[in-house]
Amino acid sequence: MAERPRCRVVALISGRGSNLQAILDGVDDGSLPVEMLAVVSNEPGAGGLARAERAGVAPRVVPHRGRPRREFEAELGTLLAELSPDLVVLAGFMRVLGAELVERFRGRMLNIHPSLLPDYRGLDTHARALADGGAEHGVSVHFVTPELDGGPVIAQTRVPVLANDTPEGLAARVLVQEHRLYPLMVRWFATGRLALREERIYLDGLPLARPILFSGDEPCDC
Ligand code: GRF
């Protein structure tokens, strides 16, 4: 049987790139049938660019500072058009993308967000979760829509809040789960198991009634 072509992926980052690394590791060990076309950062000093280079993936910089937003978006849009990926993965990308670009990749752009969405969209999720005194926090992977952190959620992993937790400690435990969940979601997409049609997520051809919820241990490839 002919092998399915590998899913062509571009990652957008702004910082250290630990989620990017989890995906690069999956490509490297063969668990992700993905061809990484490029890693694009809006920050020239992003640590993730060195990770890309070490993995033999083209690092690209599209700076946003000191220029109009539409110019930044136009350059990013042109680069993405040239690369023509099947999937765009936002991995700690700290710019809000305009609706036009997002719409172009509707159903083909994923984001990871450190909270159990719809709770705590935006920044400082860990400190806000602790301040609210809830029993659990976590991470979500969702399809990107023009609404910030508002697109359809595919899956989440819960992380319990501990007594005397700190934002840093909680963030570190959430991050462990991020590194498990994101490669799995990329795998589901790359193997054709995951799709967005209209506003609805389909897994293996069946609509998801609600996000898949994993609890702590290794998210299973069910
Ligand atoms: C992660 O917590 C991710 O969920 C959020 O930004 C952070 C990026 O971390 N969107 P890294 O750059 O992947 O290490």
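Start at 1 and go down the list; that is how both ligands and their atoms are numbered. When a residue number appears, it is its place in the shown sequence, counting from 1.
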### Message
Under a 3.5 Å threshold, yes or no: a donor from one side chain and an acceptor from the other, between Ser140 and Gln156?
### Response
yes
### Message
Under 4.0 Å between a side-chain nitrogen and a carboxylate oxygen: does that hold for Glu100 and Arg104?
### Response
no
### Under 3.5 Å: N/O of Ile112 near N/O of ligand 1
yes
### Query
Is it the case that Tyr120 and Asp132 place a side-chain donor and acceptor less than 3.5 Å from each other?
yes
### Task
Pick whichever of His179, Glu178, Gln177 has a heavy atom sitting closest to atom 4 (O) of ligand 1.
Glu178
### Message
With heavy-atom distances below 4.0 Å as the criterion, list the atoms of ligand 1 near Gly17.
### Response
11 (P), 12 (O), 13 (O), 14 (O)
### Query
Any chance the side chains of Ser18 and His179 put a donor and an acceptor closer than 3.5 Å?
yes
## Note on the structure
When distances are taken from atom 8 (C) of ligand 1, the protein heavy atom at minimum range is Gly92 CA, 3.5 Å
